[in-house]
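Take a look at the structure below.
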Amino acid sequence: MTHDAPAPVYGSAVTKVEPFGVDHIPDSERHGKPSSQFFVWFAAGLNFPIILLGFSAAWFGLSFTAAVVAIVLGAALGSLLMAVMSRMGVRLGVPQQIQARGPLGFFGNFLPVAYINVFAGIGWAAVTVILGGKAFAELTHLPFWLCALALTAVELVVSVYGYNMINYLQRVLTYVLTPLFVMITVVAVVRGGGTFGADPHAKGYIGGTGGWITFGGWFLSFLVAWAPFASDYSRYLPDSPQVVNRTAWYTGLGNFVTICWLGILGVLVGGSATSTDSITALHELAGPFAVPALIAITLSALAQNFLNVYGGAISVQTLKVPVTRTQAVVVICLLAYVISLWGESGTEDKFKVFLNLTAYFIAPFAAVLLLDYHLGGRSDRARIPELYDRSRVLGWGFVAWAGGVLASVPFWQSSFYTGPFSAAYPGAGDLSMFVAAGASVVLYLLTYRLRPLWVREDTAAPGARAEEPAAVAGS
């Protein structure tokens with residue numbers, strides 16, 4: 001062993017608790033294959049919330065063909081975003097939310113991370129526990145609170161073990177869940193699934209174009225919501241041009257296939273459903289195959305929530321909250337469980353409101369990160385120490401992000417709040433996410449060459465200027 005090639009502390013050990021938090025992953029710890037990203041995201045996409053979104057096509061009054069086209073386009077755009085952002089993790093070896101310190105500043109990054117990642121991590125975990133818990137309860141006839149608690153406990157343990165354990169179980173769940181969802185798909189088609197035409201009299205009809213934009217935007221939003229975590233699961237991969245490119249392909253493919261597949265399945269289920277509750281409708285449609293269908297929904301909740309809880313814990317550490325990753329995992333799981341008890345009823349409506357609110361804030365966040373990486377020179381590994389420099393208090397990227405969010409407010413369209421533009425022109429559909437991203441792009445291009453907004457010069461206190469980017473953080 002030489003000084004330049006130290007023995008790995010963590011390596012590829014599956015049953016060892018991950019010792020790294022939000023640190024830069026040194027070359028000695030880089031391991032794994034790009035194909036791992038396919039399993040991570042394919043398993044995460046084998047999840048009932050995507051079916052739930054497809055279930056809404058009939059509510060919008062869309063035709064089967066229009067719904068499928070909207071799903072494919074939304075999935076394609078979202079998968080491309082995920083593919084590009086996963087490349088950044090391989091190159092830089094740091095979590096996505098740490099990368100955001102580059103354009104936004106060390107402390108300027110706190111607000112978007114607090115909302116986007118911590119709030120989103122807890123919220124998505126709660127939504128998935130609700131759906132998985134309801135399926136588990138229908139399967140076992142046990143009370144919902146107990147089923148939700150059991151799922152939460154499994155997610156907590158796996159997320160404490162961290163990166164390698166999650167990668168391993170996502171591969172296992174891919175092999176277990178794929179035949180189950182194939183069965184659900186076949187049963188849905190045979191027992192009642194079919195194509196259908198547009199219905200201008202549908203309850204949620206807002207016009208063919210507006211409904212199509214909003215519906216397709218939901219599938220894009222689902223993947224946009226993953227964007228702040230894309231690098232979290234690629235940052236341990238070896239940094240080489242071949243690995244970077246293959247990681248992008250595997251990430252994009254894993255996301256695209258499952259989003260399209262289960263989204264279209266949801267359209268089939270929704271078009272023939274007699275119940276307004278999606279899980280009940282699926283149970284009825286599955287008939288004698290209801291048991292394996294409910295098993296699939298229950299297990300799929302784990303595949304998604306491993307990522308939600310783990311990513312949320314990393315976000316808590318990004319905020320410099322003085323807790324270990326294990327402590328952050330415990331807190332997130334407890335909060336998600338409590339919220340799941342509150343949100344058990346009216347799940348579909350709460351889910352869609354939450355999906356909208358996360359996308360409105362995440363779309364400009366992702367746009368700023370991408371521009372900073374490709375135009376701002378952030379792909380240079382020599383600049384990694386800047387991400388841990390506390391003297392870089394506030395950057396213009398924060399203005400670009402905040403400006404994008406504010407520009408989108410008039411276009412918001414949800415039961416939580418409807419902006420003046422959407423109220424006046426409901427037939428235009430929900431354009432908020434696109435406006436937010438576009439405005440942030442313009443603001444970034446106007447400001448990224450300027451000097452940082454706020455750089456703190458007082459570095460008298462030891463360690464006040466920077467953290468150690470390669471230090472091992474307690475798990």
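Of all the heavy atoms in Cys260 and Ala75, the pair that sits closest is SG-CB, 3.7 Å. For Val267 against Ala57, the heavy-atom pair with the smallest separation is CG2-CB, 4.0 Å. Across Ala225 and Ile362, no two heavy atoms sit closer than the pair CA-CD1, 3.6 Å. Nearest heavy atom pair, residue Asn308 against residue Ala125, reads ND2-N, 3.9 Å. Residues Val329 and Ser159 approach most closely at CG1-CB, 3.8 Å, considering heavy atoms. Smallest separation of non-hydrogen atoms from Val224 and Ala363: CG1-N, 3.9 Å.
A donor-acceptor pair under 3.5 Å is absent between the side-chain atoms of Ser79 and the main chain of Ala76, judged by distance alone. A donor-acceptor pair under 3.5 Å is absent between the side-chain atoms of Arg392 and the main chain of Leu387, judged by distance alone. With hydrogens and angles disregarded, no donor-acceptor distance shorter than 3.5 Å links the side chain of Gln96 to the backbone of Pro228. Side chain of Ser432 to backbone of Phe411: a donor-acceptor contact under 3.5 angstrom is found. Side-chain atoms of Thr358 come within 3.5 Å of backbone N or O of Leu355 as a donor-acceptor pair. Under a 3.5 Å cut-off, the side chain of Arg30 and the backbone N or O of Val90 do form a donor-acceptor pair. Formation of a donor-acceptor pair under 3.5 Å by the Tyr444 side chain with backbone atoms of Pro103 is not found in this model. Between the side chain of Thr251 and the backbone N or O of Ala248 there is no donor-acceptor pair closer than 3.5 Å.
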Walk me through whether Ser86 and Gln37 qualify under side chain to side chain donor-acceptor pair (under 3.5 Å). CA-CA 9 Å; Ser86 70; Gln37 301 307 291; 5.9 Å; no
Go through it in stages, so that I can follow the logic: the residues are Phe219 and Ile50, the test is side-chain contact (heavy atoms from CB on, under 4.5 Å), and I'd like the CA-CA distance, side-chain angles, deciding distance and then a yes or no. CA-CA 8 Å; Phe219 290 89; Ile50 302 171; 4.0 Å; yes
In sequence, state the C-alpha distance, the side-chain angles, and the governing distance for Asn167 and Asn164, and then conclude on side chain to side chain donor-acceptor pair (under 3.5 Å). CA-CA 5 Å; Asn167 271 270; Asn164 287 341; 5.4 Å; no
side-chain contact (heavy atoms from CB on, under 4.5 Å) between Arg390 and Lys320, worked out: CA-CA 11 Å; Arg390 299 189 188 192; Lys320 298 307 297 173; 3.5 Å; yes
Please report the C-alpha distance between Glu155 and Thr128 in whole Å, then the side-chain angles of each, then the deciding distance to 0.1 Å, and finally whether the side-chain contact (heavy atoms from CB on, under 4.5 Å) criterion is met. CA-CA 11 Å; Glu155 294 156 7; Thr128 308; 5.5 Å; no
Please lay out, stage by stage, how Phe39 and Ser36 fare under the test side-chain contact (heavy atoms from CB on, under 4.5 Å). CA-CA 5 Å; Phe39 295 101; Ser36 66; 5.5 Å; no
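Side-chain contact between Phe365 and Asn109 is present, with heavy atoms from C-beta onward closer than 4.5 Å. Within the 4.5 Å cutoff, the side chain of Val331 has no heavy atoms near those of the Val316 side chain. A heavy-atom distance below 4.5 Å is not found between the side chains of Met433 and Asn356. By the 4.5 Å heavy-atom criterion applied to side chains, Leu149 and Tyr337 are counted as neighbours. Here the side chains of Leu431 and Ile213 are in contact, with some heavy-atom distance below 4.5 Å. Within the 4.5 Å cutoff, the side chain of Gln97 has heavy atoms near those of the Asp232 side chain. The shortest side-chain heavy-atom distance between Leu370 and Leu81 falls under the 4.5 Å cut-off. You'll find the side chain of Arg101 reaches within 4.5 Å of the side chain of Tyr388, heavy atoms only.
A ring-centre distance under 6.0 Å is found for Trp401 and Phe398. Taking the ring centroids of Phe107 and Phe110, they lie under the 6.0 Å cut-off.
No hydrogens or angles considered: a donor-acceptor pair under 3.5 Å links the side chains of Trp412 and Ser408. At a cut-off of 3.5 Å, with distance as the only test, a side-chain donor of Tyr360 or Asp430 sits close to an acceptor on the other residue.
Annotation: Tyr250, atom OH; neighbour count of heavy atoms from other residues, nucleotides and ligands within 6.0 Å does not exceed 12. By the neighbour-count criterion of 12 heavy atoms within 6.0 Å, atom CZ of Phe421 is densely surrounded, having more than that number from other residues, nucleotides or ligands. By the 6.0 Å contact criterion, CZ on Phe416 is open, its count of non-hydrogen atoms from other residues, nucleotides or ligands being 12 or less.
Distance check: Leu92 CG to Ser234 OG gives 9.5 Å after rounding to the nearest 0.5 Å. Between the CD1 atom in Ile314 and the CG atom in Leu319 there is a gap of 12.5 Å [rounded to 0.5 Å]. Distance check, rounded to the nearest 0.5 Å: CD1 of Ile130 to CG of Leu341 gives 8.5 Å. Remark: Leu220 CG to Ile71 CD1 distance equals 13.0 Å, nearest 0.5 Å. Summarising the geometry, atom CZ belonging to Arg87 is positioned 10.5 Å from atom CG belonging to Asp239; distances are rounded to the nearest 0.5 Å. The CD1 atom of Ile166 sits 11.5 Å away from atom CG of Leu302, with the distance rounded to the nearest 0.5 Å.
Listed by chain and residue number, Glu18, Arg235 satisfy the side chain to side chain donor-acceptor pair (under 3.5 Å) test with Tyr310 (two or more places apart in sequence, or in another chain).
By the 6.0 Å and 45° rule, Arg378 does not stack over the aromatic ring of Tyr373.
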Atom pairs and distances, side-chain donor-acceptor, residues 58-69, under 3.5 Å, sequence neighbours left out:
from: Ser63; atom 1: OG; to: Ala66; atom 2: N; distance (Å): 3.1

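Under the 30°/60° scheme for interplanar angles, the aromatic rings of Trp41 and Trp226 are found to stand perpendicular. Classification of the Phe222-Trp124 ring pair by plane angle, with boundaries at 30° and 60°, yields perpendicular.
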